[in-house]
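Reading through the structure tokens given below for one structure.
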Amino acid sequence: MALVGVSHNTGEGALNILENLLGYGYQGRIYPINPSVSEILGTKTYSSIAEIADNIDLAVIVTPRDVVPQLVKECTDRNIKAITIVAQGFLDASDEEGKQLQKEIDNIAKASRARILGPNTFGTANAFVNFSSSFIKIKLKKQPIGVICQTGVFFAGFSETYFIGKGLDLGNACDVSFSEGLKYFENDPETKVIALHIEGMKDTKAFASISRDIARKKPILALKAGHSEQAANAIQSHTGSLTGKKEVWQAAFKQAGIIQVSDLEELFDLVRTLSILPLMKKPKIGVITMTGGLGVMAIDASKNFDIGIDTLSAKTWRLLNAMAPSWLKVSNPVDIWPIMTISQPVTKPLTDGLEALLGDHELGAVLFIGAAITEKWGASFCQVLNELASVHQDKPLVCSINGPYAGQVIQHMHDAGKVVGFQTPARAINALARLNEYSRLRSRL
């Protein structure tokens with residue numbers, strides 16, 4: 001790859017793509033182009049694209065907008081077919097000069113059949129080969145999540161999750177589109193779930209057709225931004241995209257088999273859920289809880305969806321009732337705390353209770369609601385849940401954890417990649433409901 005216009009400034013805050021790539025351990029050949037210095041971080045620099053004898057697969061242009069058309073022409077003259085333009089100020093600009101510069105780039109690309117990502121983009125990222133063209137150093141994690149977005153914030157990540165297993169920031173999406181990104185992820189064996197952040201697009205017909213084909217194989221999540229007039233105006237100055245009406249997008253997503261999410265929080269939850277858990281065979285959930293109050297909240301949350309926390313089968317009820325003191329009425333949710341207080345070790349009834357629910361063929365998923373009161377308890381929950389999930393790989397197992405060590409437990413769960421953890425029962429129920437929605441959708445497509 002060629003880094004056209006890479007800065008010679010290095011160190012914290014330098015936003016140097018070359019420095020980032022070397023830090024990731026990227027093994028591909030890198031050709032920095034900066035005529036003002038002879039080397040950067042021990043890597044030889046070149047004065048222009050023409051000076052490089054090697055074949056270039058990708059050129060990343062990191063310069064002010066005024067010189068971008070000329071540099072694109074130099075790239076196409078060298079028969080470089082993939083070009084990423086990081087610079088801003090094209091269709092996203094408020095002046096006519098930006099639009100004219102974009103037109104020049106488009107004409108050069110069409111004449112050469114080169115493909116352009118951006119402008120106004122972080123580019124691409126692939127944790128599986130230690131690569132990102134982003135000028136911001138990101139946390140790469142080898143996870144089965146493919147992201148197509150129109151903002152670099154998904155590359156930077158959030159406190160709850162890092163999205164990038166593989167990522168594509170379309171930016172202004174003047175050439176490479178959502179449809180083409182989807183086509184790549186459709187056939188990518190390292191991607192199990194695809195997450196989209198959409199501000200606007202041009203190729204809606206191709207997008208809908210391709211999405212429906214892909215949804216038969218793997219889930220597609222979409223967060224559509226820009227519902228209000230004010231937000232749509234902000235999008236025009238961000239990526240220059242046309243947004244369209246909310247109702248039109250909702251209908252298009254439904255027809256295409258895409259799961260639309262309402263906000264970032266739901267996107268975080270569903271990316272994890274759909275990338276880790278198996279599909280649900282039935283819309284009924286078994287719940288074991290250490291607190292009756294949160295069990296009631298789980299029931300309330302389930303009433304908003306086509307899933308149920310209903311009566312347990314006779315066999316499962318007998319197994320659980322045999323564990324309980326005579327005064328305890330066993331139902332669903334199962335209040336496990338009174339049983340834990342009279343047992344040694346305290347985790348044994350939890351293990352046995354979860355085992356009974358996971359073995360119940362009438363249940364489509366199991367939810368554990370627990371409190372990580374101490375670090376030791378949190379570690380015990382992780383061990384129990386991960387061991388059971390390894391045995392019952394065909395049934396989704398999730399947990400809602402509260403208490404001072406809840407965050408630590410949930411992170412351990414996600415690192416292990418077998419159980420999905422949530423901070424509230426409502427978020428857990430919502431995630432299972434959407435998992436059930438996709439499970440049914442998959443059977444119909």
Side-chain angles (χ1 to χ4, degrees), residues 273 276-371 380-401 413 418-422 425-426 428-437 439-440 443:
T273 299
I276 291 175
L277 300 181
L279 298 179
M280 285 178 65
K281 296 183 176 70
K282 295 187 178 180
K284 186 175 173 181
I285 300 171
V287 180
I288 282 189
T289 178
M290 288 174 59
T291 165
L294 291 184
V296 172
M297 293 182 194
I299 294 173
D300 285 342
S302 71
K303 299 304 179 183
N304 298 318
F305 305 102
D306 292 331
I307 55 173
I309 301 175
D310 302 321
T311 306
L312 297 168
S313 68
K315 178 182 178 182
T316 302
W317 182 85
R318 284 194 298 272
L319 287 171
L320 293 168
N321 200 51
M323 298 163 48
S326 58
W327 54 264
L328 181 64
K329 180 182 178 182
V330 175
S331 59
N332 189 17
V334 181
D335 190 348
I336 202 72
W337 180 246
I339 308 174
M340 292 176 70
T341 59
I342 59 173
S343 302
Q344 286 296 328
V346 293
T347 55
K348 187 177 190 311
L350 174 61
T351 302
D352 293 344
L354 285 169
E355 185 78 60
L357 294 184
L358 287 165
D360 189 334
H361 297 300
E362 293 184 17
L363 297 176
V366 175
L367 164 62
F368 165 59
I369 302 173
S380 297
F381 294 158
C382 288
Q383 183 177 351
V384 168
L385 293 172
N386 285 324
E387 287 177 356
L388 288 171
S390 297
V391 174
H392 299 273
Q393 296 181 22
D394 62 338
K395 184 167 293 183
L397 174 59
V398 302
C399 62
S400 170
I401 305 294
M413 295 292 183
K418 296 174 183 176
V419 180
V420 184
F422 302 91
I429 292 294
N430 179 73
L432 287 175
R434 304 308 297 273
L435 176 62
N436 178 60
E437 177 187 327
S439 301
R440 292 191 298 168
S443 66

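We use all heavy atoms of the structure for the numbers below, so side chains are in, but hydrogens, waters and symmetry mates are not. All residue numbers refer to positions in the sequence shown, counting from 1.
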Query - Contact list for residues 333-361, test salt bridge (charged side-chain N to carboxylate O under 4.0 Å, His left out), sequence neighbours left out - result: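 Found Lys348-Asp352.
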
Report task. Could you tell me which residues satisfy salt bridge (Lys or Arg N to Asp or Glu O under 4.0 Å) with Asp300, sequence neighbours excluded, listed by chain and number? Result ->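 Residues passing salt bridge (Lys or Arg N to Asp or Glu O under 4.0 Å) with Asp300: none at all.
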
Query raised in the report: Looking at residues at least two apart in the chain, or sitting in another chain, which of them share a salt bridge (Lys or Arg N to Asp or Glu O under 4.0 Å) with Asp306?
Result: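 Counting only residues at least two positions away or on another chain, Asp306 forms a salt bridge (Lys or Arg N to Asp or Glu O under 4.0 Å) with Arg440.
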
Taking the side chain as everything from C-beta on, heavy atoms only, tell me whether [X] gets closer than 4.5 Å to [Y].
| X | Y | value |
| --- | --- | --- |
| Gln344 | Val346 | yes |
| Met413 | Cys382 | yes |
| Leu350 | Phe368 | yes |

Query raised in the report: Taking the side chain from Lys418 and the backbone from Ser390, do they hold a donor-acceptor pair closer than 3.5 Å?
Result: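 No, Lys418 side chain to Ser390 backbone: no donor-acceptor pair under 3.5 Å.
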
So which atom in [X] and which in [Y] form the shortest heavy-atom distance, rounded to 0.1 Å?
| X | Y | value |
| --- | --- | --- |
| Ile369 | Ala298 | CD1-CB, 4.1 Å |
| Leu388 | Leu354 | CD1-CB, 3.5 Å |
| Asp394 | Lys281 | O-NZ, 3.4 Å |
| Ala426 | Ala301 | CA-CB, 3.9 Å |
| Leu367 | Ala428 | CD1-CB, 3.8 Å |
| Thr289 | Gly295 | OG1-N, 4.0 Å |

Query raised in the report: Take atom CE in Met290; do more than 12 heavy atoms of anything else shown fall under 6.0 Å from it?
Result: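 Enclosed.
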
Query raised in the report: With respect to Pro425, which candidate in Cys399, Ser400, Ser302 satisfies the side-chain contact (heavy atoms from CB on, under 4.5 Å) definition?
Result: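 Considering Cys399, Ser400, Ser302, a side-chain contact (heavy atoms from CB on, under 4.5 Å) with Pro425 is found only for Ser400.
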
Requested in this report: Sort out for me which residue in Ile285, Leu357, Ile288, Ile309 forms a side-chain contact (heavy atoms from CB on, under 4.5 Å) with Asn332.
Outcome: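 Single side-chain contact (heavy atoms from CB on, under 4.5 Å) partner of Asn332 among Ile285, Leu357, Ile288, Ile309: Ile309.
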
Query raised in the report: Can you list the residues that meet the ring-ring contact (aromatic ring centres under 6.0 Å, His included) rule with Trp337, with sequence neighbours excluded?
Result: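 For Trp337 the ring-ring contact (aromatic ring centres under 6.0 Å, His included) partners, ignoring immediate neighbours, are Trp377.
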
Requested in this report: Could you list the residues that satisfy ring-ring contact (aromatic ring centres under 6.0 Å, His included) with Phe422, not counting sequence neighbours?
Outcome: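 With neighbours one apart ignored, the set is empty.
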
Would you compute the distance between atom [atom1] of [X] and atom [atom2] of [Y] and round it to the nearest 0.5 angstrom?
| X | Y | atom1 | atom2 | result |
| --- | --- | --- | --- | --- |
| Lys303 | Ile429 | NZ | CD1 | 10.5 Å |
| Met280 | Asn436 | CE | CG | 4.5 Å |
| Ile336 | Thr291 | CD1 | OG1 | 13.5 Å |
| Thr351 | Leu385 | OG1 | CG | 8.5 Å |

Donor-acceptor contacts under 3.5 Å from residues 318-330 side chains, at least two apart:
none

